Amino acid sequence: MTMRRLLINPALGAAGDMLLAALLDLGAPEASVRRALAPLGLAGAFRRGRASRAGLQASVLEVDGWVATTRVGGQELLEACDRAALEPRWRERARRAVELLLAAEREVHGEHGHELDEVGSMDTVLDVVGTVAAIASLDVVEVAVGPVAVGLGSAPMAHGVYPIPAPVTTAIASRVGIRVVVAEGPEATTPTAMALLGALADAQEPSGGTVEAVGYGAGRRDDRGRANVVQVVLLEDSAASGDEVAVLEVWLDDISGEDLGRLVDEALEAGALDAWVVAGYGKKGRPGFAVTVMSRIDERERLVDWLHTRTGSPGVRYRRQRRSVRAVRFEEVDVAGLRCRIKVSDVGAKCEDDDAQRLA
């Protein structure tokens with residue numbers, strides 16, 4: 001089975017409009033993006049143009065003037081994600097990007113962080129929803145993000161002269177664990193772009209494949225000797241898919257058997273990809289249980305908080321880990337007049353246990 005992966009290469013920096021322009025340049029259907037933006041009144045608010053950056057041809061996004069000047073608050077950004085014409089799993093990615101922005105603004109600016117001084121306008125809505133819609137339309141199994149370039153210096157911002165990389169940008173990078181590359185110069189990656197990259201990244205070490213298409217999205221500056229573009233590459237591979245997951249661990253030595261018995265099912269209900277419990281011995285020979293929860297990268301923080309609250313443990317460890325994932329499909333067969341689901345992959349097939357019990 002052929003699988004497609006998307007590699008986002010922000011080695012020279014990125015902005016929200018650059019990401020969307022690059023995806024359209026790659027071949028993401030413009031109609032799909034406009035359809036997602038239609039409930040927000042933004043379907044006709046942009047056009048794709050062409051530009052040259054240090055001699056490299058790229059797409060550039062041209063946005064209606066009112067979009068950048070119409071201010072919105074944090075709650076309005078979240079509501080816009082909910083109203084956009086996106087499938088639920090992609091709507092969650094869009095919300096995740098906005099939540100990263102809001103959390104970083106509060107961290108940097110304190111109580112007034114919700115004012116979104118640098119990013120609170122309708123073009124943020126267009127960039128976030130448009131970029132997520134474009135990726136959704138490509139039908140990829142993995143989004144990999146390479147190291148992200150950030151500048152080094154200072155620049156005037158809403159409250160005065162601030163350091164570069166921008167405080168909100170670095171706050172987001174620290175939350176999602178994205179690798180950055182620092183080089184002296186102007187701001188290379190904006191907070192909106194960093195939030196999108198953090199929300200969309202399934203992996204930071206992309207798997208290989210055959211190059212199906214390449215796209216370039218141009219920034220506003222045309223720097224001498226440096227192509228101010230973000231590159232996106234669509235890879236096609238018939239081999240097994242792989243992605244990166246978060247592995248969360250907590251040691252419990254004061255939990256009752258009844259409570260422990262419910263923990264795995266509750267973790268799965270909370271959104272974990274998998275969960276398990278292993279018995280062992282801890283300090284001073286005390287018996288206990290190692291609880292492991294596996295989650296998507298963008299769900300890590302939420303499930304870490306859930307584990308703290310659910311177990312009452314003050315310490316939860318986590319790490320990134322790659323996994324190999326074979327394509328799976330479900331088929332139905334007739335067994336004595338009853339339907340039975342069969343899980344099929346290129347390494348074998350087996351009956352779904354629930355159906356086996358029902359049939360027995």
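As a basis for the values below, the full set of heavy atoms in this structure was taken, side chains included, without hydrogen atoms, waters or symmetry mates. Keep in mind it's a predicted model, so treat the numbers as computed, not measured.
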Shortest non-hydrogen separation from [X] to [Y] and the atoms involved:
X      : Y      : answer
Ala193 : Gly16  : CB-N, 3.9 Å
Ala199 : Leu100 : N-CD1, 4.0 Å
Arg93  : Arg296 : NE-NH2, 3.0 Å
Pro191 : Ile172 : O-CD1, 3.5 Å
Val232 : Ala22  : CG2-O, 3.4 Å
Ala36  : Leu86  : CB-CD2, 4.0 Å

Check your understanding: Is Tyr281 isolated, or which residues cluster with it under the ILVMFWY side-chain rule of less than 4.5 Å, directly or via members?
Key -> none
Exercise for review: Kindly give the cluster partners of Tyr318, where membership spreads through any ILVMFWY side chain lying under 4.5 Å from a current member.
Suggested key: Leu248, Val250, Leu252, Ile255, Leu260, Leu263, Val264, Leu268, Val277, Phe289, Val291, Val293, Leu303, Val304, Trp306, Leu307, Val316
Report yes if the side chains of [X] and [Y] come closer than 4.5 Å at any heavy-atom pair, otherwise no.
X      : Y      : result
Val233 : Gln231 : yes
Val247 : Thr292 : yes
Val230 : Ile8   : yes

Using 4.0 Å as the upper bound for N to carboxylate O, is an ion pair formed by [Y] and [X]?
X      : Y      : result
Asp355 : Lys343 : no
Asp82  : Arg91  : no
Asp265 : Arg262 : no
Arg310 : Glu266 : yes
Asp139 : Arg4   : no
Glu92  : Arg89  : no
Arg96  : Glu301 : yes
Arg317 : Glu249 : yes

Ignoring hydrogens and geometry, is there a side-chain-to-backbone donor-acceptor pair from [X] to [Y] under 3.5 Å?
X      : Y      : answer
Asp25  : Gly217 : no
Arg95  : Leu77  : no
Thr70  : Val67  : no
Asn9   : Ala11  : yes
Thr169 : Pro165 : no

Roughly how far, to the nearest 0.5 Å, is the [atom2] atom of [Y] from the [atom1] atom of [X]?
X      : Y      : atom1 : atom2 : result
Asp123 : Leu61  : CG    : CG    : 10.0 Å
Leu20  : Arg48  : CG    : CZ    : 10.0 Å
Glu107 : Ser174 : CD    : OG    : 5.5 Å
Trp90  : Leu200 : CH2   : CG    : 6.5 Å
Asp253 : Arg286 : CG    : CZ    : 4.0 Å
Gln357 : Glu352 : CD    : CD    : 11.0 Å

**Study point:** Axial cation check for Tyr216 ring with Arg53, 6.0 Å and 45° limits
**Key:**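 The answer is no; the distance or angle limit is not met.
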Applying the 4.5 Å side-chain criterion to the ILVMFWY set and letting contacts propagate, would [X] and [Y] be lumped into a single cluster?
X      : Y      : value
Leu102 : Leu126 : yes
Leu26  : Val143 : yes
Leu12  : Met194 : no
Trp276 : Trp251 : no
Val128 : Leu24  : yes

Practice item. Using the salt bridge (Lys or Arg N to Asp or Glu O under 4.0 Å) rule, take Asp17 and Arg220 through it: C-alpha gap first, then chi angles, then the decisive distance, then the call. Key: CA-CA 10 Å; Asp17 62 325; Arg220 298 299 163 189; 3.4 Å; yes
Exercise for review: Using distance alone, with no hydrogens and no angle criterion, decide if Arg300 and Ser295 have a side-chain donor and acceptor under 3.5 Å apart.
Suggested key: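 The answer is no; no qualifying pair exists.
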Check your understanding: For Glu87, does the CD atom sit with more than 12 other heavy atoms under 6.0 Å from it, leaving out its own atoms?
Key -> no
Practice item. Could I get the full list of side chain to side chain contact (heavy atoms under 4.5 Å, CB included) partners for Gln57, not counting sequence neighbours? Key: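 By the side chain to side chain contact (heavy atoms under 4.5 Å, CB included) rule, Gln57 matches Arg50, Ser52.
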Check your understanding: Would Ile297 and Arg320 satisfy side chain to side chain contact (heavy atoms under 4.5 Å, CB included), going step by step from the backbone distance to the final call?
Key -> CA-CA 8 Å; Ile297 295 296; Arg320 287 175 178 260; 3.5 Å; yes
